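Report on the structure given below.
Since the structure is predicted, the reported quantities are computational estimates derived from the model, not experimental observations. Atoms considered below: every heavy atom in the structure, side chains included; atoms not considered: hydrogens, waters and symmetry mates. Counting from 1, the numbers follow the sequence of the chain as shown.
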Amino acid sequence: MNILLSIHLLAIGIWIGVVAAEFAIEFDGLKDSPSLIKASKLHYLTDIWVEIPAFVVVFVTGAFMITEKHLAGLFLYKVIFGVLAIIFNGVCVYAVFKRKGYAVSGDIDGMISTDPAMRLGGAGFIPSFLVAFGIGIYFMVK
């Protein structure tokens with residue numbers, strides 16, 4: 001395994017790990033308004049310091065590793081679903097940034113207004129990530 005693939009896989013692990021941690025953060029934020037504000041700020045920080053760098057590294061290392069043979073057959077689906085996972089995660093990040101802005105001013109209704117974008121991002125991210133990851137595992141054990 002070359003260094004680029006090693007970095008790619010490490011970044012994938014960090015990315016999915018922080019997404020899992022963010023589910024716990026969001027679940028805790030459901031208790032009440034102060035918890036939602038706290039969760040919003042914490043989720044924003046994890047996006048800035050961990051999640052965004054992780055999925056940018058995944059994208060960049062993946063782009064560097066792509067060859068013409070990867071743009072056909074099953075591997076093409078891995079690439080497509082990987083890019084979709086990044087796009088859907090970007091939707092979540094956008095919503096997290098908007099919500100943090102509302103949280104700073106204590107606007108609970110504004111914070112709640114970002115829920116549809118977060119749900120859309122999550123609903124698209126999870127299956128896209130799992131498909132790309134599953135195909136990647138297939139190619140590693142094949």
Side-chain angles (χ1 to χ4, degrees), residues 1-104 107-142:
M1 183 172 356
N2 67 36
I3 188 74
L4 204 52
L5 179 57
S6 297
I7 293 169
H8 187 73
L9 294 174
L10 178 63
I12 288 171
I14 291 169
W15 183 21
I16 197 60
V18 77
V19 168
E22 288 171 344
F23 275 112
I25 291 167
E26 290 299 325
F27 186 74
D28 187 60
L30 296 174
K31 288 191 252 181
D32 52 30
S33 294
S35 295
L36 181 60
I37 291 171
K38 181 180 175 187
S40 174
K41 291 175 182 178
L42 188 55
H43 194 155
Y44 173 82
L45 289 173
T46 61
D47 276 6
I48 292 290
W49 293 106
V50 185
E51 188 173 14
I52 294 170
F55 73 69
V56 167
V57 168
V58 168
F59 180 76
V60 170
T61 56
F64 279 133
M65 289 187 293
I66 253 180
T67 65
E68 190 174 318
K69 73 177 183 174
H70 294 133
L71 299 178
L74 186 59
F75 205 92
L76 176 60
Y77 288 101
K78 178 191 175 311
V79 171
I80 290 168
F81 280 98
V83 170
L84 282 172
I86 291 169
I87 290 168
F88 280 116
N89 200 193
V91 171
C92 286
V93 167
Y94 171 77
V96 165
F97 278 52
K98 291 278 291 180
R99 188 177 69 170
K100 194 257 185 185
Y102 291 126
V104 168
D107 182 357
I108 301 299
D109 290 334
M111 292 174 65
I112 292 169
S113 74
T114 65
D115 284 352
M118 289 184 74
R119 286 191 191 108
L120 170 67
F125 167 77
I126 293 168
S128 299
F129 180 90
L130 290 175
V131 168
F133 187 75
I135 295 171
I137 294 294
Y138 168 77
F139 279 104
M140 288 188 73
V141 298
K142 176 180 131 172

Tell me, do [X] and [Y] make a side-chain contact under 4.5 Å, heavy atoms counted?
| X | Y | answer |
| --- | --- | --- |
| Phe59 | Val56 | no |
| Phe129 | Asn89 | no |
| Phe97 | Thr114 | no |
| Ile112 | Asp115 | yes |
| Val93 | Phe55 | yes |
| His8 | Ile12 | yes |
| Asp47 | Lys100 | no |

From [atom1] ([X]) to [atom2] ([Y]), nearest 0.5 Å:
| X | Y | atom1 | atom2 | result |
| --- | --- | --- | --- | --- |
| Ile7 | Ile3 | CD1 | CD1 | 4.5 Å |
| Ile108 | Leu36 | CD1 | CG | 5.5 Å |
| Ile135 | Leu130 | CD1 | CG | 11.0 Å |
| Lys38 | Asp32 | NZ | CG | 10.5 Å |
| Lys98 | Met118 | NZ | CE | 13.5 Å |
| Leu10 | Leu5 | CG | CG | 11.0 Å |

(Q) Just checking Trp15 against Phe125, ring centres under 6.0 Å apart? (A) yes

Q.
Heavy-atom count check: over 12 atoms from other residues, nucleotides or ligands less than 6.0 Å from Phe64 CZ?
A. no

Where [X] and [Y] come nearest, the two heavy atoms and their spacing:
| X | Y | result |
| --- | --- | --- |
| Ile14 | Ala54 | CG2-CB, 3.9 Å |
| Ala85 | Ser128 | N-CB, 3.6 Å |
| Ala39 | Gly29 | CB-CA, 3.7 Å |
| Ala132 | Gly82 | CB-N, 3.5 Å |
| Ala103 | Ser40 | CB-OG, 3.6 Å |
| Ser113 | Tyr102 | OG-CE1, 3.9 Å |

Q. Regarding Thr67 and His70, is there a side-chain donor-to-acceptor distance under 3.5 Å anywhere?
A. yes

**Q.** Full working for side chain to side chain contact (heavy atoms under 4.5 Å, CB included) between Glu22 and Val96
**A.** CA-CA 11 Å; Glu22 288 171 344; Val96 165; over 6 Å; no

Q) Among Ile25, Val19, Ile52, whose side chain to side chain contact (heavy atoms under 4.5 Å, CB included) with Thr46 holds? A) Ile25

Q: Please lay out, stage by stage, how Tyr138 and Leu74 fare under the test side chain to side chain contact (heavy atoms under 4.5 Å, CB included).
A: CA-CA 10 Å; Tyr138 168 77; Leu74 186 59; 3.7 Å; yes

